[in-house]
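Just below is one structure, and these are the notes that go with it.
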Amino acid sequence: MNYAIAIDGPAGAGKSTIAKILAKELELIYVDTGALYRSIGYFVTQQGIDTADTAAVVASLEGLKVELRYVEGVQRVFVNGEDVSDYIRTPAISMAASAVSAIPAVRAFLLDTQRDIAAANSVVMDGRDIGTTILPDARIKIFLTASPESRAKRRFDELQEKGDPATYDEVLADMIKRDYDDTHREISPLKQAEDAIPVDTSGETLEQSVVRMKEIVYSRLAEG
Ligand code: DC
């Protein structure tokens, strides 16, 4: 029987790093759902569409094909057959992704893509609404948080490694805005599922968080 581990939480809490490690150890497929919203943010930006223009964003979904494919076990996201994975991690696309993710038609558009993968495979899926909306029957649900400052610091370090010129203050301001938007949107806001286990990683190294998450997941799996 396939099963799912849902990891939700705000940007920069360590979801993807932890989910990838769990997926590897447990031989599950890792599904980064943020990449789906990012690919639409990227697509509409490329089309010159203002993400605030809901009608235009919705119209652009007509005939659009967004797919997740796994190349040597690594998730890649394709838009109309083109691999856009390398273009979707910039601060501008983060904001565009957050904006389009508040549009109900965008969420509906991506719903089946996410559920179909989880129906066909055992998965670790990370996002904002996996435990509440996409996979309400997930076997284990974790709500991963950390203070905005520690999340911004991690994201800033990642961007610096890539040579991105964003400053820490810009990253923190973007993070706070994105948190606000993601938790205040009307549809599927970022919210802890009632049956999710809260894990706060503030002040922990990634290694410490990974150890803690593994303990939680393995003890839950052992419970059956
Ligand atoms: O996890 P991320 O930073 O890659 O996500 C980018 C944006 O996409 C995020 O600001 C909110 C949105 N998102 C969402 O609304 N629901 C998800 N399941 C995943 C991401």
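Throughout, residue positions are numbered sequentially from 1 according to the sequence presented. All values reported here derive from a predicted model rather than from experimental measurement. Order of appearance sets the numbers: ligands from 1, and atoms from 1 within every ligand.
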If the contact criterion is a heavy-atom separation under 4.0 Å, does Arg107 count as touching ligand 1?
yes

Below 3.5 Å, N or O to N or O, backbone or side chain included: is there any such pair between Asp129 and ligand 1?
yes

Could an N or O of ligand 1 be found under 3.5 Å from any N or O of Lys15, whether backbone or side chain?
no

Can you list the ligand 1 atoms lying under 4.0 Å from a non-hydrogen atom of Tyr37?
8 (O), 13 (N), 14 (C), 16 (N), 17 (C), 18 (N), 19 (C), 20 (C)

Tell me which protein heavy atom sits closest to atom 4 (O) of ligand 1, plus the residue, atom name and distance to 0.1 Å.
Arg38 NE, 2.6 Å

If we number the atoms of ligand 1 from 1 as shown, the ones under 4.0 Å from a heavy atom of Ser98 are 10 (O)

At under 4.0 Å between heavy atoms, is it the side chain or the backbone of Arg185 that contacts ligand 1, or both, or neither?
side chain

Give me each pair satisfying salt bridge (charged side-chain N to carboxylate O under 4.0 Å, His left out) with a member in residues 164-178, each pair once, sequence neighbours excluded.
Lys177-Asp181

Do me a favour and list the nearest non-hydrogen protein atom to atom 10 (O) of ligand 1 with residue, atom name and distance?
Arg178 NH1, 2.7 Å

Heavy-atom nearest neighbour in the protein, as seen from atom 19 (C) of ligand 1, with distance rounded to 0.1 Å
Thr33 OG1, 3.4 Å

Can you find a pair of side-chain heavy atoms, one from Arg115 and one from Met125, that are under 4.5 Å apart?
no

Contacting atoms of ligand 1, where contact means under 4.0 angstrom from a heavy atom of Asp182
9 (C), 10 (O), 11 (C)

Please report which non-hydrogen protein atom sits nearest to atom 1 (O) of ligand 1, along with the residue it belongs to and the distance in Å to one decimal place.
Arg128 NH1, 2.9 Å

Side chains of residues 136-143: which donor-acceptor partners sit under 3.5 Å, not counting sequence neighbours?
residue, atom, partner, partner atom, Å
Lys141, NZ, Gly131, O, 2.9
Lys141, NZ, Pro136, O, 2.7
Lys141, NZ, Asp195, OD1, 3.1
Lys141, NZ, Asp195, OD2, 3.2

